[in-house]
Asks: 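This is the structure I want to talk about, given as structure tokens.
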Amino acid sequence: MVVAQNIAADATVESLSAIFAQFGEVVAVLRRKTPASVPRRAEIVFATAEQADAACAAGKLTRDGTIVAGDAEAEADTDAELITLTSASTFVTPAAAEKTREKRDRDGDARDAPKRERTYVSGVILKLSGLTGGIDRDQIRDIFMEHGEVRFVNYRPQDGDTDAEIRFVEEDPTVAKQICDKMSADEAARPALGDAGKDYTLRVLEGEEEKSYWEAIWARADTRAAGSKFKRGGRGSYGKGRGGKRNNRRD
């Protein structure tokens, strides 16, 4: 593989293939994104190592493909526009180059693809306000499980929360409203929370408040997923290699 530095900003895979075809069969041209302050580069993969060596021997080219290495006058006249050629540390086979190109294409497609639209079932969250402590989310869950299937309770009194969001299963999007209506119409139907919330209120989460609730959940899920991906990509703990336990035996 040959690394071509200082290629033209408008260079394409096709134009670079045509320039380097003078040295042999070009099987792949791999472009890399670089900062504006760094000379643009491409990696040219030839069918054989001998063809790559022949390109490296040329040393420098003009951007139209003319070999100028060894011609001091020509190099001085066109120095800013010269493509410099160096050999990569290893020879890349055509098959490996194709895999790399396919991966970059997939990664590019993933970046350019529109983000998956997330949706939620509206009306399944009951907001319990006016809590004063002395109750935890498991107790809240147990109380409201008597009225409908609770999926999750968001309540952190250790962080100073005085409100709890009680999310019911999405399969029954009317249960939160039914519970709220029932408890508003019949005082006896209201669970007694004692000192944890003598004057608590209940209402169904709606509108922007409901949307914000779901967006916060999605953000936390994305953060956890990103953290898990990072951990999977790590190199493992000290004392262990790729093969498992470290062998400390000395022969």
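By convention here, the first residue in the shown sequence is residue 1.
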Asks: Ignoring hydrogens, what is the shortest heavy-atom contact between Cys180 and Val204? Give both atom names and the distance.
Replies: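 Closest approach of Cys180 to Val204: CB-CG2, 4.1 Å.
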Asks: Any side-chain hydrogen bond (donor to acceptor under 3.5 Å, both in side chains) pairs touching residues 137-151, not counting sequence neighbours?
Replies: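 Residue pairs passing side-chain hydrogen bond (donor to acceptor under 3.5 Å, both in side chains), neighbours aside: Arg151-Glu170.
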Asks: Treating Arg40 as the side-chain partner and Ile7 as the backbone partner, does any N or O pair qualify as donor plus acceptor under 3.5 Å?
Replies: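 Answer holds: yes.
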Asks: Decide whether Tyr155 and Val124 are clustered together by the hydrophobic rule: side chain heavy atoms of Ile, Leu, Val, Met, Phe, Trp, Tyr closer than 4.5 Å, transitively.
Replies: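 Cluster IDs for Tyr155 and Val124 differ.
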Asks: If hydrophobic clusters are built by linking Ile, Leu, Val, Met, Phe, Trp and Tyr wherever their side-chain heavy atoms come under 4.5 Å apart, do Val175 and Leu205 end up in the same one?
Replies: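 Val175 does not cluster with Leu205.
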Asks: Does the side chain to side chain contact (heavy atoms under 4.5 Å, CB included) test come out yes or no for Glu165 and Tyr213, once each step is laid out?
Replies: CA-CA 9 Å; Glu165 288 97 9; Tyr213 170 90; 3.8 Å; yes
Asks: Any chance CG of Asp186 has more than 12 other-residue heavy atoms, nucleotides or ligands included, within less than 6.0 Å?
Replies: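 Buried by this count: over 12 neighbours within 6.0 Å.
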Asks: Determine whether a donor-acceptor pair (N or O, by modelled atom type, separation under 3.5 Å) exists between the side chain of Ser15 and the backbone of Ala11.
Replies: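 Side chain of Ser15 to backbone of Ala11: no pair is present.
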Asks: Is the closest side-chain heavy-atom distance between Ile179 and Ile166 below 4.5 Å?
Replies: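 Ile179 does not reach Ile166 side chain to side chain.
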Asks: Restricting to non-hydrogen atoms, name the atom on Phe20 and the atom on Leu61 that form the minimum distance, rounded to 0.1 Å.
Replies: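 Closest approach of Phe20 to Leu61, heavy atoms only: CE2-CD1, 3.8 Å.
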Asks: Kindly determine whether Ile44 and Val26 satisfy side chain to side chain contact (heavy atoms under 4.5 Å, CB included), including the steps that lead there.
Replies: CA-CA 7 Å; Ile44 316 300; Val26 177; 4.0 Å; yes
Asks: How close do Val150 and Val153 get, heavy atom to heavy atom, and via which atoms?
Replies: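 Heavy-atom minimum between the residues: CG1-CG2, 3.8 Å.
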Asks: Does one hydrophobic cluster hold both Phe152 and Phe168, with members joined at side-chain heavy-atom distances below 4.5 Å?
Replies: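 Different clusters: Phe152 never reaches Phe168 through Ile, Leu, Val, Met, Phe, Trp or Tyr contacts under 4.5 Å.
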Asks: Report the distance from atom CG of Asp161 to atom OG of Ser129, rounding to the nearest 0.5 Å.
Replies: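 Here the rounded value is 10.5 Å.
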Asks: For a salt bridge (Lys or Arg N to Asp or Glu O under 4.0 Å) check, start with the C-alpha distance between Arg41 and Glu43, then their side-chain angles and the critical distance, and finish with the verdict.
Replies: CA-CA 7 Å; Arg41 60 179 285 181; Glu43 295 164 357; 3.4 Å; yes
Asks: What is the minimum heavy-atom distance between Lys198 and Gly194, and which atoms define it?
Replies: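 Nearest pair, atom of Lys198 first, then Gly194: CG-O, 3.1 Å.
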Asks: For the hydrophobic clusters of this structure (ILVMFWY residues joined by side-chain heavy atoms under 4.5 Å, transitively), does one cluster hold both Val169 and Ile217?
Replies: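 No; tracing contacts between hydrophobic side chains, which count when under 4.5 Å, never links both residues.
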Asks: Please name all residues satisfying ring pair (Phe, Tyr, Trp, His ring centres under 6.0 Å) with Tyr120, sequence neighbours left out, ordered by chain then number.
Replies: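 Testing Tyr120 for ring pair (Phe, Tyr, Trp, His ring centres under 6.0 Å), a comparison that skips the adjacent residues, returns Trp214.
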Asks: Do Glu210 and Ser122 get their side chains close enough for a donor-acceptor pair, meaning under 3.5 Å?
Replies: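 Yes, side-chain donor-acceptor contact under 3.5 Å.
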Asks: Please test Thr132 against Thr162 for side chain to side chain contact (heavy atoms under 4.5 Å, CB included), starting from the C-alpha separation and ending with a verdict.
Replies: CA-CA 6 Å; Thr132 57; Thr162 57; over 6 Å; no
Asks: Between CD of Gln158 and CG of Asp136, what distance do you get to the nearest 0.5 Å?
Replies: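 Taking CD in Gln158 and CG in Asp136, the distance rounds to 9.5 Å.
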Asks: Can you find a heavy atom in the side chain of Val45 that is under 4.5 Å from one in the side chain of Val29?
Replies: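 Of all side-chain heavy-atom pairs linking Val29 with Val45, none is under 4.5 Å.
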Asks: Using modelled atom types only, decide if a donor and an acceptor are shared between the side chain of Gln51 and the backbone of Ala47 within a distance under 3.5 Å.
Replies: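 Yes, Gln51 side chain to Ala47 backbone: donor-acceptor pair under 3.5 Å.
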Asks: Give the intermediate values and the outcome of side chain to side chain contact (heavy atoms under 4.5 Å, CB included) for residues Leu128 and Phe144.
Replies: CA-CA 11 Å; Leu128 172 62; Phe144 283 89; 4.3 Å; yes
Asks: Looking at Ala58 and Ile67, what are the two nearest heavy atoms and their distance?
Replies: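 Heavy atoms only, the tightest pair is O-CG2, 4.0 Å.
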Asks: Is there a side-chain contact between Glu206 and Lys177 in this structure, where contact means two heavy atoms from C-beta onward sitting under 4.5 Å apart?
Replies: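 In short, these two side chains do not touch, never coming nearer than 4.5 Å.
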Asks: What is the distance from atom CG of Asp53 to atom CZ of Phe23, rounded to the nearest 0.5 Å?
Replies: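 Nearest 0.5 Å value for the CG-CZ distance: 12.0 Å.
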Asks: Atom CD of Glu25 and atom OG of Ser17: how far apart are they, to the nearest 0.5 Å?
Replies: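 So the gap between those two atoms works out to 11.0 Å.
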Asks: Can you find a heavy atom in the side chain of Ile143 that is under 4.5 Å from one in the side chain of Met145?
Replies: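 The answer is no, as the side chains (C-beta and beyond) never meet within the 4.5 Å cut-off.
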Asks: Consider only side-chain heavy atoms of I, L, V, M, F, W and Y, link residues closer than 4.5 Å, and tell whether Met183 and Ile125 are in one cluster.
Replies: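 Result: no, two separate clusters.
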Asks: A side-chain contact here means heavy atoms from C-beta on lying under 4.5 Å apart; do Leu193 and Tyr200 qualify?
Replies: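 With C-beta onward as the side chain, the pair touches.
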Asks: If I compare all heavy atoms of Ala176 with all of Gly123, which pair ends up nearest, and what's the gap?
Replies: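 Answer, listing the atom of Ala176 first, then Gly123: CB-O, 3.4 Å.
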Asks: For Arg118, is there an ion pair with Glu215 - N to carboxylate O distance below 4.0 angstrom?
Replies: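 Here Glu215 does not pair with Arg118 in a salt bridge, since their nearest N and O are not under 4.0 Å apart.
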Asks: Any side-chain heavy-atom pair from Leu131 and Asp163 closer than 4.5 angstrom?
Replies: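 Not touching, per the 4.5 Å side-chain cut-off.
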Asks: Between the main-chain N or O of Thr62 and the side-chain N or O of Thr66, is there a donor-acceptor pair closer than 3.5 Å?
Replies: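 Side chain of Thr66 to backbone of Thr62, a donor-acceptor pair under 3.5 Å: no, none is there.
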